[in-house]
Amino acid sequence: MAQYYEGLVSEAPFDWSEFGRVIPVLAASPGAGASVVAAALADALAVGARSGLLVDTADRSRSGLNRATRDDGPLVAGPHPTVAIRFSARRGSVVSRVESSSPVLVPGMVPPPEFWRPANWRVDATVVDIGHDVWRVAAHPLIGAGAWLRTGSPSPRPVLVVRPTFPGVVHGEQVLARLEPWVRSGLVTPPTQLVVTGARRWPSAVAAQAGRRMSVLLPGSVFLPRHRQLARTGVTAAVTPAPVRAPLATMLRRWGIPVDRRRSASTRSG
């Protein structure tokens, strides 16, 4: 299937205009919290009166977003008979998730971006939970899940989610190094934003261990404090808590994506 999809991939810059601002979310390591960040970004858009698309590229049974909607929406055929895209509703956003009859879904089997946009839905921003081991995704990021990193217009804004630990900064450095040859070739957009989960600041001893690539991104890190209930339940159909959304909403405004603060209180609960 990966070889089949390869025929659908071009190295030319991609036209992202129908997806609004594309925000791919990558986890530097398993359990870093990429699905929480992706859901909170989509909720920040919805609460802020923006039309969002939340893309879930992971196996349904392994996805951190597998309970992000109360009901399943329609299934639409993908580019291969064994793969389809299901569109469901989540509090002002559309959730697009891949479904496959294959016993396993590897990154290269994920359909190209053009199959993920729902018909008749205006999209202000698209948040993508890459949902696979980024080390494998970066082996050939033009195929499958990594295709959301392709250069184009408007340029995607990839986010790298890390834990505030020694392994966290090491894994982040490795991911950035793995992507570097593709970035130099002008084919993919590098992560330029760190989101740190479970902390309010970098522990000084941990930050001191950052390599040259991570060190560039450390000063602009966005911190998501640990939320006890969310840590226990994971992402559900309820809107993510306001303290988790707030730092990401500020980041969106800094990127020029307006989210209306006045609606935050009215949709705070799930």
Is there a donor-acceptor contact under 3.5 Å from the side chain of [X] to the main chain of [Y]?
X      : Y      : result
Gln209 : Phe166 : no
Arg157 : Thr192 : no
Thr165 : Gly168 : yes
Ser63  : Asp59  : no
Asp56  : Arg97  : no
Ser51  : Arg122 : yes

Taking all non-hydrogen atoms of both residues, which atom of [X] and which atom of [Y] are closest, and how far apart?
X      : Y      : result
Val244 : Leu224 : CG1-CD2, 3.7 Å
Gly152 : Pro13  : CA-CB, 4.0 Å
Pro156 : Thr189 : O-CG2, 3.5 Å
Val162 : Ala28  : CG1-CB, 3.6 Å
Arg245 : Ala40  : CG-O, 4.0 Å
Arg117 : Phe19  : CB-CE2, 3.8 Å

Full working for side-chain contact (heavy atoms from CB on, under 4.5 Å) between Leu41 and Leu252: CA-CA 8 Å; Leu41 278 167; Leu252 291 173; 4.0 Å; yes
Validation row: [X], [Y] side chains within 4.5 angstrom (heavy atoms):
X      : Y      : answer
Leu54  : Val94  : no
Val55  : Val95  : no
Leu176 : Pro190 : no
Val98  : Pro111 : yes
Leu26  : Val159 : no
Val127 : Leu53  : no
Arg86  : Val76  : no
Trp135 : His171 : no

Can a side-chain donor-acceptor contact be found between [Y] and [X] if the only test is distance below 3.5 angstrom?
X      : Y      : answer
Ser153 : Trp16  : no
Ser17  : Asp15  : yes
Arg213 : Gln174 : no

Near-ring test Trp116/Phe87, centroid separation under 6.0 angstrom: no
Point-to-point distance, once rounded to the nearest 0.5 Å, from [atom1] of [X] to [atom2] of [Y]:
X      : Y      : atom1 : atom2 : answer
Leu142 : Thr151 : CG    : OG1   : 8.5 Å
Ser93  : Leu45  : OG    : CG    : 6.5 Å
His80  : Ser100 : NE2   : OG    : 9.0 Å
Trp255 : Thr250 : CH2   : OG1   : 12.0 Å
His140 : Trp182 : NE2   : CH2   : 4.5 Å
His227 : Thr233 : NE2   : OG1   : 9.0 Å

Could you check whether atom [atom1] of [X] has more than 12 heavy atoms from other residues, nucleotides or ligands sitting under 6.0 Å from it?
X      : atom1 : result
Arg136 : CZ    : no
Arg200 : CZ    : no
Arg254 : CZ    : yes

Pairs meeting criterion side-chain hydrogen bond (donor to acceptor under 3.5 Å, both in side chains) with involvement of residues 18-44, two or more places apart: Ser35-Asp129, Asp43-Arg90, Asp43-Thr240
Hydrophobic cluster identity match, Trp148 and Trp121, side-chain contacts under 4.5 Å: yes
Verdict with reasoning, Val83 to Glu99, per side-chain contact (heavy atoms from CB on, under 4.5 Å): CA-CA 6 Å; Val83 175; Glu99 297 198 7; over 6 Å; no
Thr57/His132 under side-chain contact (heavy atoms from CB on, under 4.5 Å): CA gap, chis, key distance, verdict: CA-CA 8 Å; Thr57 70; His132 293 268; 3.6 Å; yes
Electrostatic pair Arg212-Glu180, nearest N-O below 4.0 angstrom: yes
side-chain contact (heavy atoms from CB on, under 4.5 Å) assessment of Phe223 paired with Thr197: CA-CA 6 Å; Phe223 295 91; Thr197 56; over 6 Å; no
